[in-house]
Amino acid sequence: MIDLRALGWDDDRAAAAAAAAARLDGAVEPARVVVAHRGAYEVEAAGGRYWGELPGATYFEARDRRELPVVGDWVMIAPTEGAQARGAAADGAPARPEQLAIIHEVLPRRSCLVRGAAGEKVAPQPIAANVDVAFIVTSANLDLNPRRLERYLAMARGGGAGVVIAVNKMDLVDDAAPVLAAAASAAPGLPVVALSATRGDGVDALLGHLGPGRTGVLLGSSGVGKSTVLNALLGRDVQEVQPVRADDDRGRHTTTRRELFVLDAGVLIDTPGMRELKTWVDDDDEPDAFDDVAALAARCRFADCRHQQEPGCEVRAAAERGELAADRLAGYRKLQLEQAADSRRRDEAARLDERRRGKVGARALRARLKDKGRTES
Ligand SMILES: Nc1nc2c(ncn2[C@@H]2O[C@H](COP(=O)(O)OP(=O)(O)OP(=O)(O)O)[C@@H](O)[C@H]2O)c(=O)[nH]1
Ligand SMILES: [Mg+2]
Ligand SMILES: [Zn+2]
């Protein structure tokens with residue numbers, strides 16, 4: 001038997017599960033989503049690992065991907081008749097599931113990291129749920145890209161997770177101070193951990209942000225060493241890692257799926273490096289990555305100040321005094337504009353969708369009336 005507490009189970013979740021079990025009358029048990037494939041899920045329950053499937057057409061009918069299970073979710077499953085979960089293999093590696101369970105419900109999430117789907121479509125794509133802390137991993141030997149960092153930050157904070165900046169590959173730089181300062185300036189007030197995953201330096205500091213029952217997620221570009229960090233924290237080489245490209249130090253997109261691993265103390269989700277990270281907000285809220293700008297904005301004369309031309313704008317004033325770096329303000333503005341544009345496109349898409357459904361509804365109604373006419377004649 002697996003102790004669900006090692007997977008992050010606690011009394012509040014147990015209460016939510018009991019309520020769900022009462023609603024679903026009976027033979028369901030809790031499990032955590034370890035890998036989400038398209039429409040099929042690997043879930044870990046007390047008895048071991050199952051293939052979890054959604055009933056009927058649930059997967060195809062979902063209008064918003066957030067309605068579907070995502071890695072990190074707690075779900076209520078009903079093992080199919082005669083199904084037995086498989087325990088861990090002798091070497092401790094998690095077993096591939098053989099048995100099937102139906103996923104009946106997703107328990108309420110404490111946090112959910114969401115990005116905008118890649119490509120033209122404006123749609124939310126959940127990345128991971130029930131994450132306590134997001135480790136945004138960057139690489140010390142590449143020019144740190146504060147703009148990219150801000151995007152990851154906005155996603156993690158917007159989704160309700162804490163954030164730690166992990167600057168990996170510190171063994172490749174002679175002078176640590178400027179690298180760490182650059183990271184700190186892109187994430188004011190947040191903890192920055194210096195790491196060398198290959199040497200094991202700083203790994204304890206990362207573990208300090210996890211701990212029993214807590215769930216972390218590794219985020220960051222391909223090749224920064226996320227899977228190497230995971231292996232170091234796990235103390236075993238479970239995740240494949242690959243050298244970065246010699247010409248430009250970029251990664252090779254080695255990890256291709258999001259997967260949850262259980263450590264001695266805590267749980268950690270490894271993710272593939274994202275090629276493009278669009279942020280997602282449900283309304284055109286301010287970007288979530290800019291506490292410094294938010295503090296200034298609170299003192300603008302107008303509560304709805306966009307910090308463009310408005311009089312009495314403290315954000316612009318601070319930038320003019322040199323207290324707010326110009327590139328940081330530019331990064332803030334870019335995200336703000338992007339989110340406002342997304343929000344407009346989303347409204348437009350929702351309007352079209354309404355119209356389309358209206359038409360389909362009218363067509364169905366006409367067909368029914370025609371049928372009626374036939375039967376009556
Ligand atoms: N010098 C040095 N190399 C490292 C360190 N951490 C990771 N690497 C190397 O960086 C390369 C990429 O590491 P991965 O762990 O595969 O990177 P990743 O972030 O998981 O990449 P994706 O799965 O593609 O997103 C490998 O060759 C690692 O050995 C480190 O601390 N120092
Ligand atoms: Mg990887
Ligand atoms: Zn302002």
Side-chain angles (χ1 to χ4, degrees), residues 4 7 9 13-86 94-110 112-115 117-119 121-130 256-260 269 280 282 346 349-350 352-368 371:
L4 286 183
L7 276 164
W9 191 245
R13 294 210 156 96
R23 221 174 16 251
L24 297 164
D25 59 55
V28 285
E29 56 173 304
R32 194 156 193 201
V33 177
V34 171
V35 187
H37 304 271
R38 282 174 183 277
Y41 306 83
E42 292 180 43
V43 303
E44 193 84 40
R49 201 169 278 213
Y50 290 93
W51 275 114
E53 283 186 3
L54 297 165
T58 313
Y59 180 75
F60 299 98
E61 283 169 357
R63 291 173 59 95
D64 182 322
R65 299 265 300 267
R66 288 173 292 185
E67 293 165 14
L68 298 170
V70 58
V71 64
D73 260 328
W74 283 98
V75 292
M76 298 304 287
I77 60 166
T80 53
E81 207 160 332
Q84 272 199 334
R86 251 176 56 176
R96 291 298 99 190
E98 288 188 326
Q99 308 286 343
L100 191 65
I102 303 298
I103 298 177
H104 286 286
E105 195 164 313
V106 178
L107 292 182
R109 295 169 178 153
R110 290 188 193 159
C112 186
L113 273 50
V114 183
R115 64 179 286 190
K121 216 169 100 198
V122 187
Q125 185 190 353
I127 297 299
N130 298 313
T256 53
R257 64 185 198 180
R258 302 186 282 274
E259 183 162 358
L260 180 149
I269 299 169
W280 178 265
D282 276 301
R346 190 160 46 237
L352 284 176
D353 193 48
E354 277 305 311
R355 276 218 331 249
R356 202 156 34 230
R357 277 194 297 161
K359 268 191 203 145
V360 172
R363 218 159 33 224
L365 186 63
R366 269 201 304 279
R368 261 206 312 278
D371 274 352

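We number each residue from 1, following the sequence as shown.
- With hydrogens and angles disregarded, no donor-acceptor distance shorter than 3.5 Å links the side chain of Asn130 to the backbone of Arg109.
- Across Trp280 and Arg115, no two heavy atoms sit closer than the pair CB-C, 3.6 Å.
- Arg23 pairs by the salt bridge (charged side-chain N to carboxylate O under 4.0 Å, His left out) definition with Glu105, not counting sequence neighbours.
- Contact between Val70 and Pro126 at its shortest, heavy atoms only, is CG2-O, 3.8 Å.
- Looking only at distances, a side-chain donor or acceptor of Asp64 sits under 3.5 Å from a matching main-chain atom of Arg66.
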*May I have the step-by-step check of side-chain contact (heavy atoms from CB on, under 4.5 Å) for Tyr59 and Glu53, ending in yes or no?*
CA-CA 9 Å; Tyr59 180 75; Glu53 283 186 3; over 6 Å; no
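- In terms of heavy-atom proximity, Ala16 sits nearest to Leu107 at O-CD2, 3.9 Å.
- A heavy-atom distance below 4.5 Å is found between the side chains of Pro69 and Leu54.
- Taking the ring pair (Phe, Tyr, Trp, His ring centres under 6.0 Å) definition, one finds that Trp74 meets it with Trp9, sequence neighbours left out.
- Taking OH from Tyr41 and CZ from Arg32, the interatomic distance works out to 15.5 Å, rounded to the nearest 0.5 Å.
- Listed for the Arg258 side chain is a donor-acceptor partner under 3.5 Å among the backbone atoms of Ile127.
- Annotation: the span from Asp73 atom CG to Leu260 atom CG amounts to 10.5 Å, rounded to 0.5 Å.
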_Go through it in stages, so that I can follow the logic: the residues are Arg13 and Arg110, the test is side-chain contact (heavy atoms from CB on, under 4.5 Å), and I'd like the CA-CA distance, side-chain angles, deciding distance and then a yes or no._
CA-CA 10 Å; Arg13 294 210 156 96; Arg110 290 188 193 159; 3.2 Å; yes
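- Looking at every heavy atom in both residues, Glu29 comes nearest to Ala46 through OE1-N, 4.3 Å.
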*Apply side-chain contact (heavy atoms from CB on, under 4.5 Å) to the pair Gln99 and Tyr50, showing each step before the final yes or no.*
CA-CA 5 Å; Gln99 308 286 343; Tyr50 290 93; 3.9 Å; yes
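- Counting all heavy atoms, side chain and backbone alike, Ala118 lies closest to Gln125 at N-OE1, 4.4 Å.
- Annotation for Leu68 and Thr58: closest pair CD2-O, 4.0 Å, computed over non-hydrogen atoms.
- Here the straight-line distance linking atom CD of Glu42 with atom CD of Glu259 works out to 6.5 Å at 0.5 Å rounding.
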